[in-house]
Asker: 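I have a structure I would like to understand better, so I am pasting it below and will then ask my questions one at a time.
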2 protein chains.
Amino acid sequence: MELTERKKKVLRSIVDLYIRTAEPVGSKAIAEMPDMKYSSATIRNEMADLTAMGYLEQPHTSAGRIPSPAGYRLYVDELMLDYRLSMDETQKISDAIESKMQQVDRMVEKVAKLVSQATDLPAISVASRHGGATVKRFELILAGSGSFILVLMLSNDEVVNKLIKLPLDIAEADLKLLAAVLNATLTELPPEGITPELLDRVMRSAGAAASLVPVVVDFTCDTLRKQERTNMAVAGQMRLLTQPEYRDIDKAQRIMTSLDEESLSNLPAIMQNANGTQVLVGPEHVAQELKDTSVVMTKFDIGDGMHGMIGVVGPTRMDYAKVTARLSYFAESLSKMFAKPDKPQLPEGDKEN
Amino acid sequence: MELTERKKKVLRSIVDLYIRTAEPVGSKAIAEMPDMKYSSATIRNEMADLTAMGYLEQPHTSAGRIPSPAGYRLYVDELMLDYRLSMDETQKISDAIESKMQQVDRMVEKVAKLVSQATDLPAISVASRHGGATVKRFELILAGSGSFILVLMLSNDEVVNKLIKLPLDIAEADLKLLAAVLNATLTELPPEGITPELLDRVMRSAGAAASLVPVVVDFTCDTLRKQERTNMAVAGQMRLLTQPEYRDIDKAQRIMTSLDEESLSNLPAIMQNANGTQVLVGPEHVAQELKDTSVVMTKFDIGDGMHGMIGVVGPTRMDYAKVTARLSYFAESLSKMFAKPDKPQLPEGDKEN
DNA sequence: CTTAGCACTCAAAGGCGTTGAGTGCTAACG
DNA sequence: CGTTAGCACTCAACGCCTTTGAGTGCTAAG
């Protein structure tokens, strides 16, 4: 059967309305919409066709229609009118992003929170690196008797520190020596490059501070390994409860439990060779429990050999247009922010609903 | 009327059972309990008395009884058999705490998560300082052209750093000078002690690095002020959904929304002159929405002029014995951990359910 | 003082008819 | 030939009623 323009229009109207109301939509409701020039009977015929073609579904005989996964797919791919952010929304998002952050893991959490706030849905935020980081420089700073601060400057411009307490006293000169040795031997090395032999060499050159080497190196390896891992955060799970389809607590709970870092760990893999915004409708993606759920994810580059991903999880009928608009905007803002760390440039918003 | 031993025993049995089942308990159920030597009729009489005395309530005529707030209060204060943590639970908590943390805000979040996990309820974690912190030492470390790292060692042994990028090149000597000046003039000062005059003095002494002063001082003041604020985190809100009384989504949602940092900001004030574990039953505490909820909080000292608080939020019928046991254990573990930062000593657990 | 017995109460659960939104089909219309 | 009015049909949702059974208070006997 042919998918005529009129059929498309009807389908779009149905999805639009369903997104708003979360209830099966009937022929009459569509026929009464402002720019729909046909009667309910005609719409009914079209709806019957669309159902036959697999774009709509009927919960039961005497109910209206709801979009099928295929229907959503078509909607997302072709039919969706893009949603422009209103001035107000733009402003809010910009303001939020202004509060700058430094450490990646913190940032990921913060971003997840912001996205969740902006969409009123549970949100996921991921930052992953293409390659691992190395230490660019070690600094050891004496901090009173028996303790010192280890500062690691990493190749990706992150800075990590740790206060280390030790039972013995350390002279400043010894620390200086140790720092010099570390900088000479262990910089620019991936964690697996720090071999026992190398460690042995450092120990022997370190003189009085040799006893500090293990704890310093341990922390360093830990940190580097942590940098390799992708950072992921989930926020706003409770917002799922505002959606009518999750009034059923058991359902809500089932989904909530699969909204944690572990369960979603395969998401980055799925998005691997995607770019821009992806809409994963219902059964398309692997996470078991998320059957009647959709995930909208946007991937973006943030330089330094890293890319970020933000996304939201919601009912399949969620307002894709709105959500994708906001996500894209967010992604763009974040990209810009990373390009110029301390002065996020924000795109101009357009006012319109 | 006299509160006889038998009445107490009946009351305890009722609360115990109600805690387990979340359903009104009837006379028969109590009479059938293993060490209850009286018939249901006798129990009924006692229950009638307890109701008259205000310790029990009846949702409707032909239903069993549920404890009133006064009943819970009596239970918590006198009747509760203390719950010893099983080996297994002890082990889990210890293991979790072993993973050491440094920054207070991170730690607070982590602790909230752990407590929530351990109790299967939403948890709150607070760390607050009696007095503000000051900077013990400034360090400026060159990190490539046009950027450097500012490291602040605070009086409470926290270390904070920030990578600062600037358009102009800075010589290492200039940084050294600036650091010396900062250390000479701005250490041991509360944020409000950093006056414009002082700032002016620093600027003039700083030579080539004068342009860096504002950004450095800004960050410093920010950090100090942040240290003053009490850190609070809430975790595991979703766990509320496992409780039968929150099967009603609206109810659950209402409570969830008041489970954020802002809404709970007056909690520390309420706990101010309490020490040890406090059980706030139902109407006793101020947070509006939390009417039919209880909050169990434990306050503990963690040295460095700080104290911590951990607590959980749950239905009034929650298993106080279990919850308070776990909280106390946690609090003790945390205290010890802070006393000896890198080697948390854990109390011995006793196996028993 | 304790307990068996009994009449009473009332929320919860199940059965049942009504309602109304929505459908598919057909026949008439432009 | 596409469009539309009309009509019979379907079925979840709703409200109403009855039944059920857990639980109570009271009384009288042990």
Asker: Measure across B/L121 and B/G314 and return the closest heavy-atom pair with its distance rounded to 0.1 Å.
Answerer: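 So the minimum-distance heavy-atom pair works out to CD2-CA, 4.1 Å.
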Asker: Measure across B/A48 and B/R65 and return the closest heavy-atom pair with its distance rounded to 0.1 Å.
Answerer: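 Looking at all heavy atoms of both residues, the closest pair is CA-NH2, 3.7 Å.
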Asker: Output one line per pair: protein atom, nucleotide atom from nucleotides 23-30 of chain C, and distance, for all N/O pairs under 3.5 Å.
Answerer:
residue	atom	partner	partner atom	Å
C/dT23	OP1	A/R65	NH1	3.3
C/dT23	OP2	A/S27	N	3.1
C/dT23	OP2	A/S27	OG	2.6
C/dG24	OP1	A/R65	NH2	2.8
C/dG24	N7	A/R44	NE	3.2
C/dG24	O6	A/R44	NH2	3.2

Asker: Measure from NZ or CZ of B/R6 to the centre of the six-membered ring of B/Y38 and say whether it is under 6.0 Å with the direction within 45° of the ring axis.
Answerer: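 Flagged: B/R6 positioned over aromatic ring of B/Y38.
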Asker: How close do B/V313 and B/L240 get, counting heavy atoms only, and between which atoms?
Answerer: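 Closest pair (atom of B/V313, atom of B/L240, distance): O-CD1, 4.2 Å.
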Asker: Report the distance from atom CD1 of A/I30 to atom P of C/dG22, rounded to the nearest whole Å.
Answerer: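 One finds 10 Å between P of C/dG22 and CD1 of A/I30, rounded.
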Asker: Is there a donor-acceptor contact under 3.5 Å linking the side chains of A/Y75 and A/D16?
Answerer: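 The answer is yes; a qualifying pair exists.
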Asker: Once salt bridge (charged side-chain N to carboxylate O under 4.0 Å, His left out) is applied, do any residues pair with A/E32, and if so which ones, sequence neighbours excluded?
Answerer: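 Here no residue qualifies.
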Asker: Using the test side chain to side chain donor-acceptor pair (under 3.5 Å), find all partners of A/K8 that sit at least two apart in sequence or belong to another chain.
Answerer: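 So A/K8 forms no side chain to side chain donor-acceptor pair (under 3.5 Å) with any residue.
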Asker: Between B/Y72 and B/Y18, how do the two ring planes meet: parallel, tilted or perpendicular, split at 30° and 60°?
Answerer: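 Answer is tilted, since the angle falls between 30° and 60°.
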Asker: Would you kindly give the NZ-to-C1' distance between B/K7 and C/dC1, to the nearest whole Å?
Answerer: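 About 12 Å, once rounded to whole Å.
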Asker: Can you check nucleotides 14-17 of chain D for protein contacts, nitrogen or oxygen pairs under 3.5 Å, and list what you find?
Answerer:
none

Asker: Taking only residues at least two apart or on different chains, which pairs with a member in residues 55-64 of chain A satisfy side-chain hydrogen bond (donor to acceptor under 3.5 Å, both in side chains)?
Answerer: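 Not a single pair qualifies under side-chain hydrogen bond (donor to acceptor under 3.5 Å, both in side chains).
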Asker: Between atom CD1 in B/I43 and atom C1' in C/dT2, what is the gap in whole Å?
Answerer: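 Distance, rounded to whole Å: 11 Å.
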Asker: If the threshold is 4.0 Å, N to carboxylate O, is there a salt bridge linking A/R317 and A/E245?
Answerer: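 Yes.
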Asker: Just the rounded figure in Å: distance from P of D/dT3 to CE of A/M36.
Answerer: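 After rounding, the gap between these two atoms is 13 Å.
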Asker: Starting from C1' on C/dG20, measure out to CD on A/E23 and report it in whole angstrom.
Answerer: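 Computing the A/E23:CD to C/dG20:C1' distance gives 14 Å.
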Asker: Rounded to whole angstrom units, what separation is found between the CG atom of A/D49 and the P atom of D/dT3?
Answerer: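 My rounded result for the distance is 11 Å.
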Asker: Within this structure, what is the CD-to-C1' distance between B/E46 and C/dC1, rounded to whole angstrom?
Answerer: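 Taking atom C1' of C/dC1 as the reference, CD of B/E46 is at 11 Å.
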Asker: Using heavy-atom distances to pick each residue's nearest nucleotide on DNA chain C, tell me which of B/R6 and B/P59 is more 5'.
Answerer: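 Here B/R6 is the residue nearer the 5' end.
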Asker: Atom pairs, N/O to N/O, protein against nucleotides 14-16 of chain C, distance under 3.5 Å?
Answerer:
none

Asker: Under 4.0 Å between a Lys/Arg side-chain N and an Asp/Glu carboxylate O for B/R20 and B/D319?
Answerer: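 Looking at B/D319 together with B/R20, the answer is no, because their closest N to O distance does not fall below 4.0 Å.
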Asker: Using whole Å, report how far OH of B/Y38 lies from P of C/dA4.
Answerer: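 Answer to the nearest Å: 14 Å.
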